[in-house]
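First the structure, in the form of structure tokens, and then the observations on it.
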Protein chains: 2
Amino acid sequence: MATPTKNILLDEQLCFALYTASKRFNHFYAEALAPFKLTYPQYITLLALWENNPMTVRELGSHVNLDSGTLTPLLKRMQTQGWVERKRDENDERQVNISLSQKALDAKPEIFAHVNTCMDLLGMDEKTYAATRDTVNFASERIKNAKPKKIDYDGPQF
Amino acid sequence: MATPTKNILLDEQLCFALYTASKRFNHFYAEALAPFKLTYPQYITLLALWENNPMTVRELGSHVNLDSGTLTPLLKRMQTQGWVERKRDENDERQVNISLSQKALDAKPEIFAHVNTCMDLLGMDEKTYAATRDTVNFASERIKNAKPKKIDYDGPQF
DNA sequence: TTCTAGTATATTGTACGCAATTAATTAGAT
DNA sequence: ATCTAATTAATTGCGTACAATATACTAGAA
């Protein structure tokens with residue numbers, strides 16, 4: 001007898017809630033950042049660099065969770081727009097140092113002003129905001145290194 | 001005097017928590033779905049269709065929150081892999097009806113079995129899982145139709 | 001020094017996501 | 001019936017994501 005499998009409903013899935021929420025936040029930030037011609041991944045790249053400038057591509061990637069396949073073209077676009085500089089490390093030419101331009105340093109308060117409307121619009125007090133974030137991060141940490149179980153499966157391979 | 005702007009730290013941002021969590025869940029499902037050669041967006045498309053088959057591209061899009069720019073090529077790939085059929089509606093030729101193939105109907109229990117390991121790995125009981133999802137959906141609804149405030153800004157336009 | 005393993009970034013290829021536009025079709029008003 | 005506005009998909013263009021590979025460089029062992 002086949003093992004009964006619990007039904008999976010789209011709107012009950014945590015993964016789908018996160019997927020949808022992430023896209024909606026992305027959309028919101030895209031509007032807030034439009035005056036600066038910045039995308040959301042470019043914005044978090046700036047956030048990381050404002051906290052720690054300069055960084056190698058690798059260090060930057062470990063902060064924003066993106067690899068060189070994403071960062072290299074992204075950073076080239078940001079360089080074209082004048083947000084960052086890219087320079088080979090003189091001591092170790094494998095590394096590329098990413099540093100903020102003067103424009104990026106100057107624009108920080110303006111960008112923060114545009115983006116800080118986010119929490120207001122959420123209509124959450126700081127406690128609720130922090131609790132929501134921590135809840136998400138809890139699930140995020142749990143799934144981080146999880147590997148799906150190997151299922152015995154002798155049927156047709158789709 | 002310039003208005004002081006609160007600092008924004010990457011790891012304290014809800015948007016970044018959601019962005020990271022969404023990517024990690026996506027990665028987890030990618031592994032679980034690899035035996036079926038399905039991506040995560042393709043999987044949620046199947047979830048939607050298993051609940052309501054057939055649907056037009058538009059109806060499907062309203063369930064999974066994707067537009068034709070994403071769905072048209074995605075559905076063509078799924079058709080090539082034998083998961084769905086695409087047929088112009090005979091009564092209204094503007095519409096394209098998407099229906100599940102026999103393969104998709106047959107594979108449902110196997111795919112559910114592979115994916116249902118997710119909640120186990122999260123180490124959450126059903127209550128915690130539901131509460132997490134509801135918390136995410138609460139923030140998601142709040143940001144859904146939010147538009148960033150227009151900020152007075154006479155400085156250089158970046 | 002020379003070989004080898006390791007490290008850092010870049011490149012390639014595939015698949016989203018979505019804004020904006022186009023094309024085809026339908027429905028509604030006159 | 002005909003013209004117009006609305007609706008539905010498809011297309012185009014740009015920017016991620018990321019696995020897999022390639023390339024360049026470094027460091028450590030023999």
Side-chain angles (χ1 to χ4, degrees), chain A residues 15-16 18-31 33-34 36-45 54-62 64-81 83-84 86-98, chain B residues 15-16 18-31 33-34 36-45 54-62 64-81 83-84 86-98:
Chain A
C15 60
F16 185 62
L18 290 166
Y19 172 71
T20 301
S22 179
K23 287 195 297 178
R24 285 179 181 163
F25 271 78
N26 193 310
H27 182 264
F28 173 85
Y29 278 90
E31 272 195 71
L33 297 166
F36 306 98
K37 296 186 184 170
L38 284 167
T39 65
Y40 179 71
Q42 290 169 9
Y43 163 68
I44 60 169
T45 298
M55 277 190 283
T56 66
V57 172
R58 175 162 190 73
E59 288 169 332
L60 182 56
S62 74
V64 295
N65 302 315
L66 294 169
D67 69 6
S68 70
T70 301
L71 281 178
T72 296
L74 182 150
L75 291 168
K76 284 182 178 174
R77 283 187 288 271
M78 290 183 76
Q79 183 180 35
T80 302
Q81 302 289 321
W83 295 108
V84 299
R86 300 166 62 247
K87 252 180 242 167
R88 285 274 163 198
D89 190 292
E90 290 183 5
N91 292 34
D92 185 343
E93 293 198 14
R94 290 172 301 184
Q95 300 179 178
V96 173
N97 292 114
I98 308 298
Chain B
C15 59
F16 185 62
L18 290 166
Y19 172 71
T20 301
S22 179
K23 286 194 298 177
R24 285 179 182 163
F25 272 77
N26 192 311
H27 182 265
F28 173 85
Y29 278 90
E31 273 195 70
L33 297 166
F36 306 98
K37 296 187 183 170
L38 285 167
T39 65
Y40 178 71
Q42 290 170 8
Y43 164 68
I44 60 169
T45 298
M55 277 190 283
T56 66
V57 173
R58 173 161 193 72
E59 289 169 330
L60 182 56
S62 75
V64 295
N65 301 314
L66 294 169
D67 70 7
S68 70
T70 301
L71 282 178
T72 295
L74 180 151
L75 291 168
K76 284 181 178 175
R77 283 187 288 271
M78 290 184 76
Q79 184 181 35
T80 301
Q81 302 290 322
W83 296 109
V84 299
R86 300 165 63 245
K87 251 180 243 167
R88 284 273 163 198
D89 190 292
E90 290 184 5
N91 292 33
D92 185 343
E93 293 199 12
R94 290 171 302 184
Q95 300 179 176
V96 173
N97 292 115
I98 308 299

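Below, chain A is the first sequence line, B the second, and so on; all start at residue 1. From a predicted model like this one, the values you see are computed outputs, not experimental measurements.
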State the SG-CD1 distance between B:Cys15 and A:Ile44, to the nearest 0.5 angstrom. 8.0 Å

Considering the options B:Phe25, B:Tyr29, B:Phe28, which one meets the ring pair (Phe, Tyr, Trp, His ring centres under 6.0 Å) requirement together with B:Tyr43? B:Tyr29

Would you please name every residue forming a ring-ring contact (aromatic ring centres under 6.0 Å, His included) with A:Tyr19, sequence neighbours left out? B:Tyr40

Residues in salt bridge (Lys or Arg N to Asp or Glu O under 4.0 Å) with A:Glu59, at least two apart? none

Name the atoms and distances for all side-chain donor-acceptor pairs under 3.5 Å in residues 66-79 of chain B, with sequence neighbours left out.
unit_1  : atom_1 : unit_2  : atom_2 : d
B:Asp67 : OD1    : B:Gly69 : N      : 3.0
B:Asp67 : OD1    : B:Thr70 : N      : 3.2
B:Thr72 : OG1    : B:Ser68 : O      : 3.0
B:Gln79 : OE1    : B:Arg86 : NH1    : 3.4

Would you check if B:Leu60 and B:Thr45 make a side-chain contact, meaning some heavy-atom pair closer than 4.5 Å? yes

I'd like to check the salt bridge (Lys or Arg N to Asp or Glu O under 4.0 Å) partners of B:Arg94; sequence neighbours left out, ordered by chain and number. B:Asp92

Could you spell out the base pairing of DNA chain D in dot-bracket, with Watson-Crick or G-U pairs whose two distances are under 3.5 Å, [ ] crossing and | to another strand? ||||||||||||||||||||||||||||||

Reading DNA chain D 5' to 3', which nucleotide is the first, and which the last, to come under 4.0 Å of any heavy atom in chain A? D:dG15 to D:dT26

As an exercise, state the distance from CD1 of A:Ile98 to CH2 of A:Trp83, rounded to the nearest 0.5 Å. 15.5 Å

Hits for salt bridge (Lys or Arg N to Asp or Glu O under 4.0 Å) against B:Glu93, two or more places apart or cross-chain, chain-then-number order -> none

If the sugar-phosphate is the primed atoms plus P, OP1 and OP2 and the base is the rest, what is the B/S/- string for nucleotides 24-29 of chain C, using protein heavy atoms under 4.0 Å? -BS---

Listed pairs, N/O of protein and of nucleotides 16-18 of chain C, under 3.5 Å:
unit_1 : atom_1 : unit_2  : atom_2 : d
C:dC16 : OP1    : B:Thr39 : OG1    : 2.7
C:dC16 : OP2    : B:Gln42 : NE2    : 2.9
C:dC16 : OP2    : B:Arg77 : NE     : 2.8
C:dC16 : OP2    : B:Arg77 : NH2    : 2.9
C:dC16 : O5'    : B:Arg77 : NH2    : 2.9
C:dG17 : OP2    : A:Tyr19 : OH     : 2.4
C:dC18 : N4     : B:Gly69 : O      : 3.4

A:Lys23 and B:Val64 have their tightest heavy-atom pair at NZ-O, 3.9 Å

Can you sort out the partners of A:Thr39 under side chain to side chain contact (heavy atoms under 4.5 Å, CB included), two or more places apart, ordered by chain and number? A:Pro41, A:Gln42

Holding to ring-ring contact (aromatic ring centres under 6.0 Å, His included), I want the full list of residues that pass it with A:Phe16, two or more places apart in sequence or in another chain. none

Grab the CD1-P distance between B:Ile44 and C:dA15 for me, whole Å please. 16 Å

